[in-house]
Amino acid sequence: MRASAPFHLLAKPFGARCNLECRYCFYLPKRELLPDAPARMSDATLEHFTRAYIEAQPAGTSEVEFAWQGGEPTLAGLAFFERALELQRRFARPGMVIRNALQTNGTLLDTDWAQFLARHAFLVGVSLDGPPRLHDPLRVDTHGHATHERVLRALALLAEHKVEHNVLTVVHALNAPHPVEVYDFLVGTGVRFLQFIPLVEPAPEGGLSARSVPAAQYGKFLVGVLERWLARGHVGEVFVRDFDSTLAALMDLPGRTCVSSQECGRCLAIERTGDVYSCDHFVDPEHALGRVGEHDLAELVDGTFQSGFGRAKSADLPRQCRECEHLRLCWGGCPKDRIARDSFGEPGLNQLCTGYRIFFERALPVLKAMERCLRAGRPAREWRALTENAPRAVDRNSPCPCGSGAKFKRCCGA
């Protein structure tokens, strides 16, 4: 059986196990979910997964991406990934292109890994939260040691071997007040594709942890990055996923991420046991759909439970969202972060709503000008030419666009 529409499986070949103990990692506690399971995905499960994932894609699917994450997926070893590629070649349909992506902390990468990743055209995401003082306090190994230097070595290896890569940065209470420092550092490593993931971490006693990024600060962070991106003339040279996603929404293109899409549910997770879950952030018994090799994967993806899970993203929005002028840009954000009440007292408001609004209100004049460029067949970097009223990059001595009243250089530009 084939699924009704393309879908994506995020694979966890080594489960929640990792060689780091990042203070904010949401996935490490999942080690308790399958305590008796083998540490690594077995060859039999890998074969079931590979076959089912390819066979369940709709007719006419020309490209399938295998995405490997964790925990730390490189703990599965090079031999595991060699076997994975062999199986992909065996089960791929005629003419089908198979791609692979790997999200890693980078600390275990060496020359052998870099050569392998380059040879097989992997897209590699590396986790890096900025310069050492903003990265090391929260991203430590299992002995509590700093990891920043090892991550930079990994980036240098990937660049040396011409492996396509990007950086994933968690935005938390420590680095959020420093958008310019974070942006300049990341770009200074040579990376040209940036992803910013806000940390919304419930505290055991209720509320949010002190590490979580405050909603308004998250918006100010994105504004600060936007201003620096413009000021340094990086449009068309450096790509920030938040900007790309918003621009895609303005152009009525499909959501670039599940967070910004009207519906979710087509990006599922598969654990090392072959168990399939509704989403990477919902790996729990309530959202366990079934197991490859025992259940038809297409039926799990298109089943009543998963279909309802996906539709709920836009169907269960509170009134403040339904009436918001920015609704089609975020669709309420990720359901895992809908833990606040809106201004009408209704539950289900995204914890980051204030931050989204701060960002949209500053970014939209710029991104709408870029939209007009693209629709006219011109590069986005010519956005200023199409509007006399489009704001320029904020002068560091001018009032901060976030509305705090402080000068930009002492607020979002600090």
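Source: prediction; values computed, not measured.
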Between the main-chain N or O of Thr169 and the side-chain N or O of Gln195, is there a donor-acceptor pair closer than 3.5 Å?
-> no
Show me the donor-acceptor pairs within less than 3.5 Å that the side chains of residues 197-205 make with the rest of the protein, sequence neighbours left out.
| unit_1 | atom_1 | unit_2 | atom_2 | d |
| --- | --- | --- | --- | --- |
| Glu201 | OE1 | Ser209 | OG | 2.5 |
| Glu201 | OE1 | Arg211 | NE | 3.1 |
| Glu201 | OE1 | Arg211 | NH2 | 3.1 |
| Glu201 | OE2 | Arg211 | NH2 | 3.1 |

Phe243 vs Trp229 aromatic rings, parallel, tilted or perpendicular, using cut-offs 30° and 60°?
-> tilted
Can you name the residues that form a side chain to side chain contact (heavy atoms under 4.5 Å, CB included) with Asp36, not counting sequence neighbours?
-> none
Taking only residues two or more places apart in sequence, or in another chain, which ones meet Tyr27 in a side chain to side chain donor-acceptor pair (under 3.5 Å)?
-> Glu271
Does CD belonging to Glu325 count more than 12 external heavy atoms closer than 6.0 Å?
-> yes
Carboxylate-amine/guanidinium contact Arg232 Asp184, below 4.0 Å | yes
Sequence-distant partners of Arg99, side chain to side chain donor-acceptor pair (under 3.5 Å), two or more places apart = Glu63
With sequence neighbours excluded, residues passing ring-ring contact (aromatic ring centres under 6.0 Å, His included) with His287 | Phe282, Phe305, Phe309
Between the side chains of Thr104 and Glu72, does any donor sit under 3.5 Å from an acceptor?
-> yes
What residues form a side chain to side chain contact (heavy atoms under 4.5 Å, CB included) with Arg90, not counting sequence neighbours?
-> Glu47, Arg83, Glu86, Leu87
Residues Arg2 and Asp302 bridged, charged N to O under 4.0 Å | no
Go through the structure and list residues passing side chain to side chain donor-acceptor pair (under 3.5 Å) with Glu286, not counting sequence neighbours.
-> none
Side-chain donor/acceptor pairs under 3.5 Å, residues 244-254, sequence neighbours excluded:
| unit_1 | atom_1 | unit_2 | atom_2 | d |
| --- | --- | --- | --- | --- |
| Ser245 | OG | Arg241 | O | 3.0 |
| Thr246 | OG1 | Asp242 | O | 2.9 |
| Asp252 | OD1 | Arg328 | NH1 | 3.2 |

Taking atom NZ of Lys368 as the centre, report whether more than 12 heavy atoms of other residues, nucleotides or ligands fall under 6.0 Å from it.
-> no
Would you call the rings of His234 and Tyr183 parallel, tilted or perpendicular if under 30° counts as parallel and over 60° as perpendicular?
-> tilted
Only one of Leu367, Leu374, Leu230 clears side-chain contact (heavy atoms from CB on, under 4.5 Å) with Trp383; which?
-> Leu230
Do you see a donor-acceptor pair shorter than 3.5 Å between the side chains of Glu263 and Ser314?
-> no
Partner residues of Thr107 under the side chain to side chain contact (heavy atoms under 4.5 Å, CB included) criterion, sequence neighbours left out = Asn19, Leu20, Asn105, Thr147, Arg150, Val151
May I ask you to decide if Leu157's main-chain N or O and His161's side chain share a donor-acceptor pair within less than 3.5 Å?
-> yes
Ion pair check, Glu82 and Arg119, cut-off under 4.0 Å = yes
Does Asn350 use its side chain to pair, donor to acceptor, with the backbone of Gly332 at less than 3.5 Å?
-> yes
Classify the side-chain pair Asp129/His172 by whether it contains a donor and acceptor separated by less than 3.5 Å.
-> yes
Of all residues at least two apart in sequence or in a different chain, which pass the side chain to side chain contact (heavy atoms under 4.5 Å, CB included) check with Val191?
-> Leu155, His165, Val167, Thr189, Leu194
What residues form a salt bridge (Lys or Arg N to Asp or Glu O under 4.0 Å) with Asp43, not counting sequence neighbours?
-> Arg40
Crowding at CD, Glu21 (>12 non-hydrogen neighbours, <6.0 Å) = yes
Write out all pairs satisfying ring-ring contact (aromatic ring centres under 6.0 Å, His included) with one or both partners inside residues 70-102, taking only residues at least two apart or from two chains.
-> Trp68-Phe80, Trp68-Phe81, Phe81-Trp113
Determine the interplanar angle of the Phe66 and Tyr53 rings, folded into 0 to 90°, and report it as parallel if under 30°, tilted if 30 to 60°, perpendicular if over 60°.
-> perpendicular
To the nearest 0.5 angstrom, please state how far the NZ atom of Lys336 sits from the SG atom of Cys264.
-> 12.5 Å
Lys/Arg N to Asp/Glu carboxylate O, Lys12 vs Asp280, below 4.0 Å = yes
Less than 4.5 Å apart, any side-chain heavy atom of Cys324 and any of Arg357?
-> yes
Taking atom types as modelled, is there a side-chain donor on Tyr24 or Arg139 under 3.5 Å from an acceptor on the other?
-> yes
